[in-house]
Amino acid sequence: MSEEKKALNFIEHIIEEDLANGLSKDKLRFRFPPEPNGYLHIGHTKAIGISFGLGETYNAPVNLRFDDTNPAKEEQEYVDAIKKDIAWLGYQWENELYSSDYFQKLYDWAVQMIKDGKAYVDSQTSEDIAQQKGTPTQVGTNSPYRSRSIEENLDLFQRMKAGEFPAGTHILRAKIDMESPNMLMRDPMMYRIMHTEHHRTGNDWCIYPMYDWTHGESDYIEQISHSLCSLEFKPHRELYNWFRDHIYDYAKEALPMPPKQREFARLNLSYTIMSKRKLLRLVEEGIVSGWDDPRMPTISGLRRRGYTPNSIRKFIDKVGVAKRENVIDVSLLEFCIREDLNKSANRVMAVLDPVKVVITNYPEDKEEWLEAENNQEDDSAGFRKVPFSREIYIEKEDFKEEAGAKFFRLQLGGEVRLKNAYIIKANSVVKDENGDITEIHCTYDEDTSKKVKGTLHWVSIKHAITAEIREYDRLFMHESPDSDKDKDFMEYVNPKSLTIKTGYLEPSLADVEVGEQFQFQRLGYFNVDDDSKSGKLVFNKTVGLRDSWAKQKPKPQNTQNHNTPKPQQQKRSAISVIQQFGKKYTNLAEEKQLKAKAEIQELAKDVAYDELEPLFGTAVKKVGTRIAVLIALKELLKNGLERNDAINEFIEKAKEDKNAILVAEASDI
RNA sequence: UGGCCUAUGGUGUAACUGGCUAACACAUCUGUUUUUGGUACAGAAGAGUCUAGGUUCGAAACCUAGUAGGCCAACCA
């Protein structure tokens with residue numbers, strides 16, 4: 001258990017502190033509370049990872065509670081999908097619960113609150129109520145119904161429940177403070193009338209409780225110790241506590257643990273969106289094939305794409321937990337899945353963009369079954385046989401008639417190794433009337449011990465099987481598609497996010513099963529899609545291999561411009577380089593300091609006084625920068641700069657400094 | 001114009017709660033190994049912690065002011 005202490009995140013710190021202050025460890029209890037109105041996405045995985053992860057580290061129960069208080073949006077389909085996704089991720093919930101289980105209890109407590117004068121029935125239109133609510137910068141005003149008698153409130157509320165009123169005619173409100181700077185405290189709504197059938201309670205209820213009232217008290221009923229949610233609920237905390245503290249008075253004997261809410265920043269992933277509403281739009285408008293389209297950031301989409309539970313959990317672990325807004329680069333997610341699949345996926349050969357190679361000195365009717373290692377990262381993975389014959393496919397990209405020494409692949413007159421087979425040499429090409437290469441004629445050499453620079457994957461044409469290959473690019477062309485308030489995120493949809501190809505695969509893949517994962521050697525990781533059938537295989541590209549060769553080539557497409565040169569790194573002005581030296585100056589060894597000084601003096605020739613003067617105001621504690629500025633200034637003075645008040649003042653201040661180097665430099669004028 | 005939250009390399013998180021040259025991961029760039037331009041290994045570059053003051057022997061951390069970003073006015077959650 002003594003794994004070296006990992007840095008705790010702020011939530012873990014809070015729990016540790018609570019434990020240190022006397023909270024018993026067996027009182028710890030968490031929950032994950034999705035609303036069943038859509039599919040879970042990678043963003044939810046963070047919340048799942050936090051609460052279930054805490055459950056695992058503290059060996060505490062974690063409830064799965066569906067926050068199902070809005071029958072208009074919620075469906076059983078989503079409940080099922082959510083359960084499936086959480087289980088797939090490998091988490092186990094203690095209890096499967098529903099806020100709707102607590103409707104009666106909540107109702108009873110609401111009645112109690114009315115009796116205590118803490119809640120009242122309002123009978124205005126929603127417009128009037130919104131009007132009286134004020135704005136964030138303007139206080140609200142009291143409802144004319146605020147001072148109804150307890151008897152009247154009780155009567156009305158009971159009749160609301162009994163279905164005597166149409167929707168929208170009455171609501172129940174908490175009586176708090178219409179002048180609170182927190183809008184949520186301005187007499188928030190507790191119940192509304194909805195004559196809508198609920199997916200679990202059917203037509204038992206026609207009044208439904210609102211989130212703030214329901215959520216916190218559900219936590220309380222379940223005796224959750226720490227209720228963790230995302231940052232936008234921070235302002236709700238005051239209300240959460242208000243409800244909780246009142247109900248605690250009614251129920252503290254039976255329910256001794258008052259839960260506490262804490263908030264963390266939600267996950268954002270670059271080049272995608274996380275809003276359920278917006279994801280739903282992609283589904284409804286047919287941009288994607290469904291919630292589980294492999295391009296979707298949903299858990300079901302990632303699963304279909306070939307992401308493993310392990311890789312996702314690893315990812316969540318790596319992104320950490322804090323309170324500031326963040327955008328995680330997709331490359332981190334890709335790193336996690338590559339790392340996982342590298343160890344587990346068997347390697348096979350598939351050619352996706354073929355060109356024919358004829359090995360002219362290989363007998364026409366000959367074929368050999370050569371041994372190939374399944375996975376060199378896994379000794380237990382074993383070997384298989386791959387057929388070789390006179391005519392094979394290689395990738396078009398792997399051949400050039402002429403190329404430089406940095407091209408390790410096949411070129412005329414050059415040699416290359418065929419993975420698991422022989423070394424071949426390209427002698428000539430056959431072209432069609434357009435000048436496109438249709439065949440490459442090669443000769444092979446049985447001596448495979450030779451050193452050659454490149455190794456290609458290939459597939460024997462007559463043995464190859466075909467498959468549909470689906471390759472994906474990012475769904476959006478903008479790093480944060482929904483961040484622009486003036487533009488609809490749909491404008492950033494990448495029209496080329498899906499490419500379908502026919503691939504030629506080695507015959508060992510003839511009877512793969514849905515979900516199986518492979519590395520197509522030199523190309524990437526692929527899995528068998530749900531649509532795949534024997535005889536009509538379909539593969540998804542999960543993620544490509546890292547490709548340091550591709551980075552060296554001039555980029556042909558421009559959709560990949562997230563690696564564009566950083567503007568600051570272009571060319572730096574002399575003054576900024578001087579500042580740079582300054583930052584390190586006092587940390588440098590003496591010898592290096594002299595070198596830095598010489599460089600600053602050199603750079604000073606390219607610096608105008610106007611650039612230097614603003615730096616005179618550099619904070620006292622940034623001694624290095626002041627030294628560098630002083631050194632540069634001395635150069636300017638040496639070259640004829642007139643002294644002025646600002647300069648004199650700067651030098652005088654330097655002479656009085658605590659730092660010896662600075663004083664020395666200043667005195668030496 | 002109000003209230004609340006946040007600010008640390010390109011990105012994300014740390015820094016044992018005020019104490020060594022600000023750490024780790026991804027990304028980037030070099031090498032070495034390699035029958036995957038993958039993996040692995042070795043290394044480099046990149047941050048005075050938003051700014052300005054202050055407290056302190058000592059501040060990324062504490063205080064004040066400012067700046068920037070986020071959240072808050074659904075009978076949604």
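Proteins come first, then strands; the chains are lettered A, B, ... in the order of their sequence lines, and each starts at number 1. Please read these numbers as outputs of a predicted model, since none were measured by experiment.
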(message) One character per nucleotide, please: for nucleotides 31-42 of chain B, 5' to 3', B when the base has a protein heavy atom closer than 4.0 Å, S when only the sugar-phosphate does, - otherwise.
(response) ---SBBBBS---

(request) Report, as a single string ordered 5' to 3', how protein heavy atoms within less than 4.0 Å touch nucleotides 66-77 of chain B: B base, S sugar-phosphate only, - not at all. (result) ----SSSB-BBB

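Atom CD of A:E238 is separated from atom P of B:C5 by 11 Å (rounded to the nearest Å). We find that CG of A:D317 is positioned 12 Å from P of B:A14, with the value rounded to whole Å. Atom P of nucleotide B:A27 and atom CG of A:L333 are separated by 12 Å, given to the nearest angstrom.
Annotation: cation-pi pair A:K161/A:W205 present, NZ/CZ under 6.0 Å from the ring centroid and within 45° of its normal.
Taking the six-membered ring where tryptophan is involved, the planes of A:Y39 and A:Y78 are perpendicular, since the angle between them exceeds 60° and thus also 30°.
As rounded to the nearest Å, B:A61 and B:U6 have P atoms that lie 15 Å from one another. Atom name C1', nucleotides B:C26 and B:C63: the rounded distance is 36 Å, in whole Å. A distance of about 13 Å separates the P atoms of B:G38 and B:A27, rounded to the whole Å. Remark: the separation of the C1' atoms in B:C50 and B:A60 is 12 Å, to the nearest Å. Using P as the reference atom, B:G53 and B:G12 are 28 Å apart when rounded to the nearest Å.
Residue contacts shown for A:G582 include a base, since a base heavy atom lies under 4.0 Å away.
Judged by closest nucleotide on RNA chain B, A:K234 is the one of A:K234 and A:A265 placed further toward the 5' end.
B:C24 is paired with B:G12 under the Watson-Crick or G-U wobble criterion, all donor-acceptor distances under 3.5 Å. Both distances falling under 3.5 Å, in either a Watson-Crick or a G-U wobble arrangement, occur for no nucleotide opposite B:U35. Pairing partner, B:U64: B:A52, with both Watson-Crick or wobble hydrogen-bond distances short of 3.5 Å. Of the nucleotides present, none pairs with B:U1 by Watson-Crick or G-U wobble criteria with both distances under 3.5 Å.
Shown are A:T625, A:I600, A:L662, A:V623; of these, the side chain to side chain contact (heavy atoms under 4.5 Å, CB included) with A:Y585 is made only by A:I600.
Taking only side-chain atoms of A:H13, from C-beta outward, the nucleotide of B:U6, B:U17, B:U51 with the closest atom is B:U17. Comparing B:A25, B:A14, B:G12 by their closest approach to the side chain of A:A322 singles out B:A14.
Aromatic ring centres of A:H236 and A:Y240: separated by at least 6.0 Å.
OP1 or OP2 of B:C26 has not a single side-chain nitrogen or oxygen of A:K318 nearer than 4.0 Å.
A:R347 and A:H457 are not linked by any side-chain donor-acceptor pair at a separation below 3.5 angstrom, with hydrogens and angles left out of the test. There is a side-chain donor-acceptor pair under 3.5 Å between A:Q124 and A:Q132.
Proximity of a side-chain donor or acceptor of A:R266 to a complementary backbone N or O of A:S230 within less than 3.5 Å is not detected.
To the nearest 0.5 Å, atom CZ of residue A:F157 and atom CE of residue A:M160 are 6.0 Å apart.
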